Amino acid sequence: MSKRNTRGVVALCALALAAAPLSVAHADAAKDVQVAGRALTFLENGPTGKAVLGVVFDPSKPASVAEKNAVMAAIGGGMSAGAVTLTAKPVEASAVPGVSGVAALYVTTGVNVGAAAKAKKIITIGSDTSCATSGACVMSVSADPKVEIVVNRAAAAAVGAVFKAAFRMMIREV
Amino acid sequence: MKKTLLAGVSATFILSMAATAAHAQSIDYGAMEQLFNEPVTTSATGSPQRSTEVPVAMEIISADDIKRSGAVDLPTILSRVAGLDVLNWGAGASDVSVRGYDQAMSPRLLVLINGRQVYLDHYGYTAWATLPVQLSEIRQIEVVKGPNSALFGFNAVGGVVNIITQNPKFDSAGSINLTGGTNGYGELSVVKSVKLGDRFFARLSAGTAQMDEYGRAGSTVLASQVTDPARVSANLDTITQLTEKTELRVEGSWSNVQVSEAVSNYSYSPSKYVTTSVKATLASDTKLGLLQASAYETNLTAKQLVASQQARFENKLDVVSVQDLFKIGAQHTFRIGGEYRKNEVNTAPLAGGQLSYEVVSVSGMWNWAISDKLAVTAAGRYDDLSLSREGTFPAGYPAVTNAYWDRSIKKASYNFGAVYRPTQADTFKLTAARGVQVPTLVDLGAVQLRATAGPYTVGVIGNPTLAPSIVTNYEIGYERPLPGLDAKAGVSVFRQKTEDVKGQPTSGQIDVMPTAPGVLPLLSYRNIGDSKMWGVELTASGKIEGGFHWSGDWTFTDVDDEAAAGFSPQVRLAAFSATTPETRANVSFGWANAQWAADGFFHYTGDHKAYLSTGALVSVEDYVTLGGRVARTFDHGITLAVSGQNLTDGHQRQTAGLEVERRAFVTLSKAW
């Protein structure tokens, strides 16, 4: 193949790649919770075996309720995620100050329980990146189209959460 | 100025102290891969990274890829990686290179197992059959394309292959594989990991294989130059958890191998190797970061036919290294390291001399996650090599002394990479790297022999003044997932320059004329000029509903040799523009369900020239190979597989040596 033809092939491929349609990514509760559960195992003294995830929702917000329902359905009677088997219980946002028996709180979109969770020293995980970047959550996770994990260092320190060094080098910290 | 420097050092130290303590020693590749839904690696920068985010061109071959390849050796698996060239000299010997420049005893690809060098320093190449690893115990094979000397040091110039085995601490492994095949092929391998309490973990593996060598029909290879390949190897890998945050990993291996291979002058040799190695690595999470200290020794006995003379090389390599890996703040990851290595070998086939060098190195890496869209990495390394020679010289050689070998090679290498992700779908990578290919011990003087050239007798001796080859590589790559097709695709363009290419001794050019009666004319290794290459690589892979998957790649390279005055790359066995095929490509298809798996692999290599042992170049027509595997898994972890390689032809010319033959295998395996 001549150099001219080769360059043409390259240019065509680059154009085709750039023009290729990209499906709109959408949240998948089951995948996000899988990532959340596995990420928890990279905490120092993180959970092993069975762990309860509190799913925090605001009953006045339909989107929050819908996400809570999706997460509860995804976890079902138990979801294996690495070294942990997650079970879930719904927790109304107003009930977070009194919550107990949970390894972490999974915060549905649009709900902010950062202060209450910090007071309880409980790790909070959201599927919305802004939850972590704003400091309302310790960590945000999303599985599609690519696993993205963001940890808020200040929020993590506030609840005493320390992630393993190798994990920290592979995620985004803010 | 000194005060400023000290202040800077102090600040760095304090920042290091402030770096969050790490709490894991070994990297749990399996857990990381499951979390991020993609392989992870430390072979790009020394820091753990996701495969899609490494600032180098890299491909990772998974354990499942290896199992489904149906291959019985590593070069066959590597031949299916985009851009890799493989020269198959016999049923048990091959040379592998990245994006051209492949040759007999290919020196440009550094090969390691868990970071321990298995590249053989005496001649500077990898005898793949000597690797003390069973395919079934490999977690992944990490293939870096382009120089990565800033992390791995000398000889990581064309690329790096780092073979990562299962970790006895994290991976529970147990399997036995029995393979029989055509051409007298027989293989048995066993892998078993054990855990004793909560603090001691071990994995033991052993394997043996034998096969008939390819026939000599159609070649100029003599019966005395070949042997039926056979290998036996064993490996022990242990981890002791000393404290909650400190572990000691001790690895030991042994292999005993015989193969028919082409040595660097393209003559065949019925070679025998015995290798041993012991490595200890102490890793600890401290307030200063992930601290790691390792020491290993490898010993090689190589018996090879060099210019029709039996040569026995005893090569001993000792390496001690330390490194610290730490993260400061949210955006900065650093690695600092130091290494000492000593390498020694005897002269052969004419004995009497002992050659050795010591290398002191310092290295560093800085990864800066500037934003969620952009990260840059800069790594550098400085190596200081001191060469020396002891012993006597053969009769008839010019009057030189060992002092002529007292020289040093001081070279810096670097890797720079930027990864830009403007969207969640688009990834651009821009890399620049400079690698150093140090002359081998043989090049520097370990080989010394007398040979006849027509009516004359000449001497061959290494050249201690040989300059290292410097490889500079620039590359830009673009990757994009295609979710609608459940696929991904990428394109990369690269440009590379090799300065001070090494040329082989040749009877076509005398390097040192006789200075007095009775003194032999000498042939030696010389720097013969530069070579430039540019190329492009296209890759794509995807899945189709129903358990199907596919992949395809195409790599074009254009090599242009620029000889220095007075030298001919062809005469010096370094005509890479002729011997490098312009194109190579792969297409694979596969399907699997709970019980069955079927895979097929097509590989294409374009036409190119190949060296005969006479130094003449002959044409090798382009060729297509087909490999495949069909497997059925039964209860209790039992799998029965039928596989084959080179299925398109009974005999196929891929080099100027032995023709590659069709091979078929049946494998019965049990995993527990």
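Letters A, B, ... mirror the listed sequences (proteins, then strands); counts begin at 1. Since the structure is predicted, the reported quantities are computational estimates derived from the model, not experimental observations.
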In this structure, are over 12 heavy atoms from other groups packed under 6.0 Å from [X] atom [atom1]?
| X | atom1 | result |
| --- | --- | --- |
| A/Lys89 | NZ | yes |
| B/Lys195 | NZ | yes |
| A/Lys31 | NZ | no |
| B/Trp550 | CH2 | yes |

Worked check of side-chain contact (heavy atoms from CB on, under 4.5 Å) between B/Asp28 and A/Phe42
CA-CA 10 Å; B/Asp28 186 349; A/Phe42 288 90; 5.5 Å; no
So, the part of B/Ala369 with a heavy atom under 4.5 Å from chain A: the answer is neither
At a 4.5 Å cut-off on heavy atoms, which part of B/Glu38 comes close to chain A: side chain, backbone, both, or neither?
side chain
Do you know which two heavy atoms are closest between [X] and [Y], and how far apart they sit?
| X | Y | answer |
| --- | --- | --- |
| B/Gly329 | A/Glu173 | O-OE1, 3.7 Å |
| A/Met170 | B/Gln49 | CE-C, 3.7 Å |
| A/Asp144 | B/Gln424 | O-OE1, 4.3 Å |

A/Met169 side, atom CE; B/Phe326 side, atom CZ - distance, nearest 0.5 Å
9.0 Å
Value for CG (B/Asp285) from NZ (A/Lys164), rounded to nearest 0.5 Å, stands at 9.5 Å
Distance-only, no hydrogens or angles: does the B/Arg50 side chain make a donor-acceptor pair with backbone N or O of A/Val147 under 3.5 Å?
yes
Heavy atoms only, distances under 4.5 angstrom: which of B/Thr52, B/Asp372, B/Asn367, B/Leu485 has the most pairs with chain A? Name it, please.
B/Asp372
Heavy-atom proximity to chain B below 4.5 Å, by part of [X]:
| X | answer |
| --- | --- |
| A/Asn152 | neither |
| A/Val174 | backbone |
| A/Phe167 | both |
| A/Ile149 | side chain |

Is B/Glu53 salt-bridged to A/Lys146, cutoff N-O under 4.0 Å?
yes
Is the shortest side-chain heavy-atom distance between B/Gln34 and A/Gln34 below 4.5 Å?
no
